[in-house]
Amino acid sequence: MHNLILASFLVLCPGLVWADTVQFIDPAHALETSATLQTLPDTNADIMIGLAQNNKAEGEETKRPAPAESDNITDEVEEEGPRIADPLAPVNKVMFHFNDKLYFWVLKPATQVYSHIIPEDFRFIFSNAYDNLKAPARVLNNLLQLRFKAAGNELIRFVFNSFAGVGGLGDAAKDALGIKKQEADFGQTLGRYGIGHGIYIVLPVLGPSSLRDTVGVVGDRLMYPLTYIDESDLTFGEAAGIAAHENVNDTSFKIGDYESFKESAIDPYISMRDAFVQHRKKEVDEAKTK
Amino acid sequence: MKKHLIKITLIICLIFPVSAFAGAALETVKANADKVLDVLRDPSLKPESAKKTKKDKIRAIAETMFDFTELSRRTLAQNWKKFSPEQQKEFVSLYRSILEDAYADKILSYTNEKIVFSKEVPLSGKTVEIQSTVYRRTTEIPIYYRAMLKDGVWGVYDVVIEGVSLINNYRTQYREILSNKPPEALLETLRKKVGRT
């Protein structure tokens, strides 16, 4: 029953496409990705600012008075991290706790049983196959971001891995050709063109996101091959099963990450929000420069 | 004689900062990270009973690797001055305990992965970023250490994992608490967290 619920959530939130890009996206990876979340004072105004350009919010931040003279402290102005408006904090917190429980009560036990049964080499093969399905989205997003070399590399990887790697079971392109994966997602593409996060949103199962990145999730889903398989060939239930399996399989390589993230945080909700914003900023910056 | 001394001092002053810059930061951080890994991989320290010895050893390495005062000051940023000198001292000590546990935990989960230190990039006059990558089976995780030269020693004051700066992340959390509570309340929260009540 639990699995069914999990499965339906996974389908409702097709953002799995992201799971690799944003490692923290599901609670299991929260550690690596989270970011700074300071609720901004005047929410409405800030949302506007956020929507227009997230750099604005950062700009305001740097205006604070420079630290006064010495305290045997460095005189450099401390670099401030990016921020995100969080007017939905009450709802987001509920969702954060939901995801937390989902991890500890469902995902983690399921993954532990799964890893016990399936040897790591097989899990690795599954991981490659799922990842290969997301290659078209990476090609398109790299193109949209005008990263032509990366787009070309991803295209070669997709073709090579699909054939030489037998449907992407191995990462032959990386092993044989030395071409590394070049991450790109639609939220990042939107960010690349100056669209800010808008507001912070915690998605069920998928975890930290924003208005922009939720649109990104939908966009990436449209670039996901399985989306276009006819209902008669791949039923809703089957698609849900695939998504659930992918999630468990991915988590099997990251067990412990979420636990250590939670353990090190003073306020896990804020820590995750902050890590999310910082991580996404880095990815958007990369899309702009490389 | 006095002139001589001045000359020698001058020469020493000139030589040390220079030699300290030539990749020294990367070497220092790498050597310390290797030491931590050695402790974690030491078979004689594997049993549960050796847990405390292991922690103490990691603590001792962290002591030389990190500049906890600089790290604390940068984390609190403008809030640092709201703390009295005694409070600052206690904050550094508590924060340090939390970080040591977190860092050990984190690096513990990487024991079987390959860690490669690639390069160091100057950030400002006296700070550099040392870039490393952890190779996991399904992914690569970039970990950057930011270090500052103080008294001829490179001390790490920030760790940036996949673009997430550790001090920025904690700053946001502390700021939330300090926005409506006094420093003492934050210290109390931290004391509870590390079990020093």
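Here is the naming used below: chain letters follow the sequence lines, and residue numbers restart at 1 for every chain. Atom set for the values below is all heavy atoms of this structure, side chains included, hydrogens, waters and symmetry mates excluded.
With contacts defined as side-chain heavy-atom distances shorter than 4.5 Å, the pair I270(A)/N169(B) does not qualify. Taking 4.5 Å as the limit, some side-chain heavy atom of K254(A) sits within range of a side-chain heavy atom of R136(B). Using a 4.5 Å heavy-atom threshold, the side chains of D267(A) and I177(B) count as separate. K180(A) places a side-chain heavy atom less than 4.5 Å from the side chain of E140(B).
Contact of F124(A) with chain B is made through the side chain alone, with heavy-atom distances under 4.5 Å. Interface residue S165(B): backbone and side-chain heavy atoms are both found under 4.5 Å from chain A. At a 4.5 Å heavy-atom cutoff, the contact between E120(A) and chain B is made by backbone and side-chain atoms alike. For chain A, no part of P85(B) is nearby; none of its heavy atoms comes within less than 4.5 Å.
Under the side chain to side chain contact (heavy atoms under 4.5 Å, CB included) rule, Q278(A) has a single partner from V160(B), V164(B), T172(B), which is V164(B).
Atom OH of Y135(B) has more than 12 neighbouring heavy atoms from other residues, nucleotides or ligands inside a 6.0 Å radius.
Of all heavy-atom pairs spanning K262(A) and K193(B), the tightest one is O-NZ, 4.0 Å.
One finds the OH atom of Y170(B) at 5.5 Å from the CD1 atom of I266(A) (value rounded to the nearest 0.5 Å).
In this structure, the side-chain contact (heavy atoms from CB on, under 4.5 Å) partners of S118(B), at least two apart in sequence or on a different chain, are Q131(B).
No donor-acceptor distance shorter than 3.5 angstrom exists from the side chain of Q173(B) to the backbone of S271(A), with no hydrogens or angles considered.
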